[in-house]
Amino acid sequence: MSSVRLRVGKERAIAAGRRWAYRTELLPADAPPGAVVDLLDSQGAFVARGFFNPRSELAFRVVTEDPAEPVDADLVRRRIAAAWAYRKAVADDPRYCRAFFSEADGLPGLVADRLGEVVALQISALGLLPWHGLIVDTLAELLRPAAIDERGEGGARRREGLPEGSGVRWGVLPEPLVVEEGGLRLRVDVAAGQKTGHYLDQRSNRLRLRQLARGDGVLDAFCNTGGFGLQALAAGCARATFLDISPDGVAAALANAAANGFAASAEGTVANAFDQLRAYERDGRRFDVVILDPPAFARGRRTLDAAFRGYKEINLRAMRLLRPGGLLATSSCSQPVSDDMFLRMLADAAADARCRMRVIDRRGAGPDHPGLLGAEQTLYLKCVFLERL
Ligand code: SAH
């Protein structure tokens with residue numbers, strides 16, 4: 001077994017729960033990229049066993065802290081089975097859930113979303129490649145989907161030095177693929193859609209919106225396939241505007257509205273939300289429900305200040321667009337933005353907007369997206385519901 005060593009004083013974060021070591025925390029090592037190695041402290045004592053990749057910022061990723069546990073096919077199978085047993089016990093609906101979530105389920109870099117009959121798979125750790133076939137077979141055996149589709153693009157793969165390549169790895173993709181959410185039917189395009197095709201992490205928050213939404217006009221900003229705005233329409237709101245910078249997103253949202261009987265109450269706008277929110281304010285347009293679900297503005301700590309300003313800008317505008325009694329459902333999926341930081345941003349935005357806002361509910365992702373203490377980045381999603389007084 002090859003080993004890599006931590007520099008002096010760098011063992012604490014992993015002992016406290018972090019599931020990786022940064023490249024800068026390791027002494028130079030000659031193990032090959034993708035190898036399973038033992039991580040040793042600066043004295044040479046065992047810390048953890050896991051995947052090594054000197055090309056990646058996350059140069060070591062923990063698989064086990066048990067020195068007697070080999071990283072082998074049996075471990076991979078056990079981890080996937082345990083993750084699935086957990087979902088069957090805790091997921092709101094195991095037919096639509098994240099079936100495997102990377103570090104939180106004990107295999108860094110493996111994500112599997114169950115979207116009804118399809119499993120959308122993402123692999124973003126080089127160390128997992130030798131088990132690719134086994135992962136597919138195990139998911140097929142346990143989850144019994146019609147198809148397993150791999151999404152093999154994106155920054156995380158490039159940073160790991162993983163080759164790009166997407167496609168169906170098992171079975172046959174059903175056409176069309178439809179996800180059910182609180183009685184609504186949403187069409188999902190796993191092959192061309194964003195991420196794994198459907199944002200499962202917001203599922204319980206979309207259903208929460210269904211309980212809280214009231215009034216006439218809804219603005220679903222950063223709508224993608226329109227899941228939030230559709231729940232507001234299902235709750236009885238009269239009209240929804242679906243706003244996204246991507247024409248495909250707006251088209252998908254309008255198609256989903258039509259398929260659920262809301263064609264007459266839905267309109268689409270393709271625009272940059274930063275500009276469009278300002279234009280609505282200038283034109284005196286007001287809403288009873290505003291949803292903000294932007295992409296991550298902060299990827300790392302260095303971009304945090306700019307991200308804070310971006311979040312504040314859109315939230316400030318959204319608050320001003322609300323009628324008194326109106327509801328704001330606002331989210332951030334930026335890993336480095338903590339719950340506290342997000343609330344502080346909202347307080348700043350409310351002060352500058354001269355709006356009195358009441359916090360109704362503070363939420364994260366559902367229990368199918370568990371997070372690890374000591375690695376709070378895994379608790380990345382914040383979703384806050386506020387009422388304008
Ligand atoms: N609310 C959606 C998920 C939103 S994902 C759901 O529940 O499914 C974020 C969306 O923001 C993407 O669809 C992306 O196209 C869009 N987006 C990114 N930058 C944008 C911008 N500046 N203005 C408007 N939309 C933007």
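Quick note: numbers below take in every heavy atom, side chains included, and nothing from hydrogens, waters or symmetry partners. Whatever order the structure lists ligands and atoms in, that order sets their numbers, starting from 1.
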Exercise for review: Give me the ring orientation class for Phe222 and Phe274: parallel if the planes are under 30° apart, tilted from 30 to 60°, perpendicular past 60°.
Suggested key: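 The arrangement is perpendicular - the two ring planes meet at more than 60°.
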Close approach, [X] and ligand 1, non-hydrogen under 4.0 angstrom:
{"X": "Gly249", "answer": "no"}
{"X": "Ala271", "answer": "yes"}
{"X": "Gly227", "answer": "no"}

Need the ligand 1 atom indices (1-based, order shown) with element for anything under 4.0 Å from a heavy-atom of [X].
{"X": "Arg206", "value": "6 (C), 7 (O), 8 (O)"}
{"X": "Ser246", "value": "15 (O)"}
{"X": "Tyr199", "value": "3 (C), 5 (S), 8 (O)"}
{"X": "Asn224", "value": "2 (C), 3 (C), 4 (C), 8 (O), 13 (O)"}
{"X": "Ala273", "value": "21 (C), 23 (N), 24 (C)"}

Practice item. Dump the intermediate steps for side chain to side chain contact (heavy atoms under 4.5 Å, CB included) on Leu177 and Arg187, then the final yes or no. Key: CA-CA 6 Å; Leu177 175 63; Arg187 175 101 187 254; over 6 Å; no
Review point. At under 4.0 Å between heavy atoms, which part of Phe222 makes contact with ligand 1: side chain, backbone, both or neither?
Key: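 Within the 4.0 Å criterion, Phe222 contacts ligand 1 through backbone and side-chain atoms alike.
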Check your understanding: So which bit of His198 gets within less than 4.0 Å of ligand 1, heavy atoms only: side chain, backbone, both or neither?
Key ->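 It is neither part, as no heavy atom is under 4.0 Å.
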Exercise for review: Give a yes or no on whether a salt bridge exists between Lys312 and Asp352, defined as a side-chain N under 4.0 angstrom from a carboxylate O.
Suggested key: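 Asp352 and Lys312: salt-bridged.
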Point to revise | Short N-O contact, Glu25 and Arg18, less than 4.0 angstrom | key: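 Looking at Glu25 and Arg18, the cut-off is met.
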Practice item. Please step through side chain to side chain contact (heavy atoms under 4.5 Å, CB included) for the pair Gln122 and Glu150, ending with a clear verdict. Key: CA-CA 6 Å; Gln122 287 181 310; Glu150 182 167 6; over 6 Å; no
Review point. If you look at every heavy atom in Ala31 and Val37, which pair is closest and at what distance?
Key: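 Looks like CB-CG1, 3.8 Å.
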Does any N or O atom in [X] lie less than 3.5 angstrom from one in ligand 1, N or O only?
{"X": "Ile245", "answer": "yes"}
{"X": "Asp293", "answer": "yes"}
{"X": "Gln202", "answer": "no"}

Point to revise | Pairwise side-chain contact, Pro33 with Phe52, heavy-atom cut-off 4.5 Å (strictly under) | key: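 No - every pair of side-chain heavy atoms lies 4.5 Å or more apart.
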Review point. Run the side chain to side chain contact (heavy atoms under 4.5 Å, CB included) check on Leu209 and Ile291 step by step: do they pass?
Key: CA-CA 9 Å; Leu209 180 74; Ile291 297 127; 3.8 Å; yes
**Study point:** Worked verdict on Tyr22 versus Phe60 for ring pair (Phe, Tyr, Trp, His ring centres under 6.0 Å)
**Key:** CA-CA 7 Å; Tyr22 295 106; Phe60 175 84; over 10 Å; no
